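For reference, the structure discussed in these notes is given below.
Keep in mind the model is a prediction, meaning the values are calculated, not measured.
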Amino acid sequence: MKSSRFYGRRSFLLPSIFFILFLCALASINEIRFDNLLRFGRCSLSSILSNKTSDQSYTFPTHDQNSSSDDIRILIGIPTLPDQYQRRHFLRMIYGTQSPVGAKIDLKFVFCNLTKEDQKVLVALEIMRYDDIMILDCKENMNKGKTYTFFSSLPELFNVSDGSGPYPPYHYVMKLDDDTYLRLGSFVDSLRPLPREDLYYGYVIPCPSMDPFVRYMSGMGYLVSWDIAEWITESDIPKQHLEGPEDKVFGEWLKEGRRGKNRHNAKWSMYNYPDPPTKCTHELWPDTVAVHLLKNQEKWIRTLKYFNVTNDLKPSKLYHIP
């Protein structure tokens with residue numbers, strides 16, 4: 001009787017042991033799978049967050065994405081005011097849909113120190129999203145030194161001494177009005193045959209003149225080579241003459257300093273909007289680099305329509321634009 005009871009317990013005990021071992025093995029396998037799942041989840045989440053962060057670093061698409069070291073490097077500064085949010089967004093749309101070949105173009109909106117609490121938030125958000133704003137250490141002005149502060153700040157901001165970037169960082173620097181429409185492809189083409197040193201480029205004033213050495217280039221948009229920007233930083237001539245119409249004062253700096261010996265008159269590929277007609281205006285035509293005095297939306301729309309800027313709009317089921 002005892003023997004049968006013993007064998008009965010033994011027959012129950014062995015399956016129990018095997019069952020416990022099976023449960024342990026299963027738990028171990030599941031733990032490994034769970035750990036792997038956790039690691040995979042962490043990796044995926046990290047990848048998502050990393051991608052999200054990198055997406056927030058916005059590159060202003062105003063140049064050929066397949067740019068090379070042979071490309072023309074151009075910095076364009078558009079003086080504006082901190083509160084002109086809508087104008088900046090509009091211009092981002094205008095220039096962000098152009099992709100000239102053979103050039104690296106960086107466009108920056110330029111203004112002086114912020115003065116309001118809302119600007120400190122809204123402008124900071126713009127910088128985080130677009131990274132296309134320069135805030136100069138100055139009091140906001142038009143004809144009392146803002147242009148000097150812009151050009152004289154550039155070497156310190158962009159020159160590198162450790163060899164980590166090209167020299168010069170930009171071949172050319174342009175000051176461009178916010179009511180000027182610059183056709184980047186035509187603009188780049190006009191620069192290709194020109195020197196990259198001691199260059200002064202723009203629309204010659206007075207309007208009837210075609211001689212770039214008579215006076216100065218219109219403030220609608222003028223460009224100089226990088227060495228002139230460095231000269232502005234180092235010379236005492238600009239420092240002693242800051243006030244007055246900024247384009248006229250700029251030309252006087254170069255005249256007194258005997259700079260800008262290479263000059264290019266971009267008239268009549270640059271001109272004022274045709275209405276109302278003056279000695280400075282020209283009809284819209286294909287051989288255009290820049291149109292100035294686009295003071296309202298109607299003038300902008302007429303200009304943009306003339307140059308067929310929406311031709312590259314891709315068809316989609318999501319919209320219908322007649």
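Legend: residues meeting ring-ring contact (aromatic ring centres under 6.0 Å, His included) with Tyr222, ordered by chain and number and at least two apart, are Phe250.
There is no side-chain donor-acceptor pair under 3.5 Å between Thr288 and Tyr306. A donor-acceptor contact closer than 3.5 angstrom links the side chains of Asp137 and Asn113. One side chain, Tyr273 or Arg302, offers a donor N or O that lies under 3.5 Å from an acceptor on the other.
With respect to Asp275 and Lys299, no salt bridge is recorded, no charged nitrogen being found less than 4.0 Å from a carboxylate O. A salt bridge does not link Lys255 to Glu252: none of the charged nitrogens lies less than 4.0 Å from a carboxylate oxygen. Under a 4.0 Å N-O distance rule, the pair Arg73/Asp71 does not qualify as a salt bridge. Salt bridge annotation for Lys116-Asp83: present, with a cationic side-chain nitrogen under 4.0 angstrom from a carboxylate oxygen.
A salt bridge (Lys or Arg N to Asp or Glu O under 4.0 Å) with Glu246 is found for one member of Lys144, Lys146, Lys175 and no other, namely Lys175. None of Leu194, Ile228, Val224, Asp227 except one satisfies the side-chain contact (heavy atoms from CB on, under 4.5 Å) rule with Leu199; the exception is Leu194.
For the pair Leu114 and Val123, the minimum side-chain heavy-atom distance is below 4.5 Å.
Ring pair Tyr271/His282 is tilted by interplanar angle, where 30° to 60° counts as tilted.
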